[in-house]
Amino acid sequence: MNRFQYLALLAACLVLTLPLEIVIGARVWRSPARLARALLPPLVIFGAWDFAATAAHQWSFNRAYSTSLRLPPGVPFEELLFFVAVPICALLTLEAVRILRTRRG
Amino acid sequence: MLHAYPFWSAVAALAVVGFELVWARTGVFRDSSYWIAMVIVFAFMIPVDGWMSKTSAPIVVYNPAHVSGLRFPWDIPVEEFVYAFALVTLTIVLWERAAPAEAR
């Protein structure tokens, strides 16, 4: 189960922020086109950086805690999910903050 | 390149700030909700990244030649907060730019 640690961590971030969408009404998941426009450029830019840095041995991913689905030069596919999950959580946070501040007048 | 991670993190952060101020101009830096959200994001980043980078059992392993060597809190490389600022701010700026016209 340790191999799924990274994946589980990312999944937990998305699950634990679901109330921001469903209860507070952030409308991030429900704006898929807008969400895609926000997610894709950072995914490409930071993803490319990640591949380059991994290839240059600036960092690496512990095989004990990531699945064996690796993209050359050794980037686990979970890392790409990182660039989806973290930005989504950040956007949910931003929209939830705005909604809550508006409600309080 | 020595200390590549802090160097490129700083470049990324400056580039994102420049992108917002010069090109995108969404006004997020004048929006207190953005700053509140960033504080919350960093607050959650600490336990999550702390778990990922803990040297006892790291998910991500940093080459000592390419990090500043400063780790705080716990084993989080301090430059990681600069990286996170760049990633999250870019996402938010693009989200704002993609807002429906009537909401801007």
Side-chain angles (χ1 to χ4, degrees), chain A residues 2 5-10 12-13 16-17 20 27-28 31 33-43 45-47 49-50 52-54 56-66 75-76 78-79 82-102, chain B residues 1-9 11-12 15-16 19 28 31-45 47-49 51-55 57-67 77 80 83-100 103:
Chain A
N2 258 337
Q5 219 187 78
Y6 193 9
L7 197 57
L9 192 59
L10 295 173
C13 290
L16 292 173
T17 52
L20 299 180
R27 301 200 74 86
V28 168
S31 308
R34 185 180 179 189
L35 184 56
R37 288 172 69 184
L39 291 184
L40 287 174
L43 174 62
I45 295 166
F46 285 82
W49 174 1
D50 213 330
T54 303
H57 305 292
Q58 291 171 10
W59 58 63
S60 62
F61 299 91
N62 195 331
R63 289 178 185 274
Y65 305 119
S66 49
V75 178
E78 297 95 296
E79 185 74 348
F82 173 93
F83 295 117
V84 171
V86 167
I88 287 177
C89 291
L91 291 176
L92 286 166
T93 302
L94 175 64
E95 291 299 320
V97 165
R98 286 174 167 162
I99 290 168
L100 292 173
R101 295 180 79 200
T102 307
Chain B
M1 180 185 295
L2 199 64
H3 302 319
Y5 192 26
F7 176 78
W8 289 111
S9 296
V11 167
V16 170
F19 174 69
V28 283
D31 182 356
S32 51
S33 291
Y34 162 79
W35 293 106
I36 293 168
M38 290 304 286
V39 169
I40 296 170
V41 166
F42 282 131
F44 280 98
M45 177 180 168
V48 173
D49 203 343
W51 181 262
M52 286 183 63
S53 60
K54 64 187 185 313
T55 48
I59 296 177
V60 185
V61 181
Y62 297 96
N63 183 335
H66 291 296
V67 291
E80 198 118 280
Y83 177 100
F85 167 83
L87 173 63
V88 170
T89 300
L90 179 58
T91 303
I92 288 174
V93 167
L94 293 171
W95 170 259
E96 291 295 283
R97 266 185 50 83

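As a basis for the values below, the full set of heavy atoms in this structure was taken, side chains included, without hydrogen atoms, waters or symmetry mates.
The side-chain contact (heavy atoms from CB on, under 4.5 Å) test applied to A/T54 returns A/D50, A/W59, A/F61, A/P73, A/V75, not counting sequence neighbours.
You'll find the ring centres of B/Y83 and A/F46 inside the 6.0 Å limit.
With chain B as partner, the option from A/A96, A/S60, A/P87 having the largest number of non-hydrogen pairs under 4.5 angstrom is A/S60. Comparing A/F83, A/W49, A/Y6 by heavy-atom pairs within less than 4.5 Å of chain B, the highest count is held by A/W49. Interface summary for chain A: among B/I36, B/N63, B/I59, B/V41, the most heavy-atom pairs under 4.5 angstrom belong to B/I59. Counting heavy-atom pairs closer than 4.5 Å to chain A, the top-ranked of the candidates B/V28, B/V16, B/L90 is B/L90.
Using a 4.0 Å cut-off between a side-chain N of Lys or Arg and a carboxylate O of Asp or Glu, B/E96 and A/R34 qualify as a salt bridge. Electrostatic pairing of A/R101 and A/E95 does not count as a salt bridge here, judged by no charged N lying under 4.0 Å from a carboxylate O.
For the pair B/H3 (side chain) and B/H66 (backbone), a donor-acceptor distance under 3.5 Å is absent. Looking only at distances, a side-chain donor or acceptor of A/N62 sits under 3.5 Å from a matching main-chain atom of B/P58.
For a residue to count as touching a neighbouring chain, one of its non-hydrogen atoms must lie under 4.5 Å from one of that chain's; by this rule B/A86 touches chain A with backbone and side chain alike. Looking at B/T89, neither its backbone nor its side chain comes within 4.5 Å of chain A, counting heavy atoms on both sides. Only the side chain of A/I45 comes within contact range of chain B, judged by heavy atoms closer than 4.5 Å. If you measure heavy-atom distances from A/L9 to chain B, the contacts under 4.5 Å come from the side chain alone. Heavy atoms of A/C13 lying under 4.5 Å from chain B belong exclusively to its side chain.
Taking 4.5 Å as the limit, some side-chain heavy atom of B/V88 sits within range of a side-chain heavy atom of B/M38.
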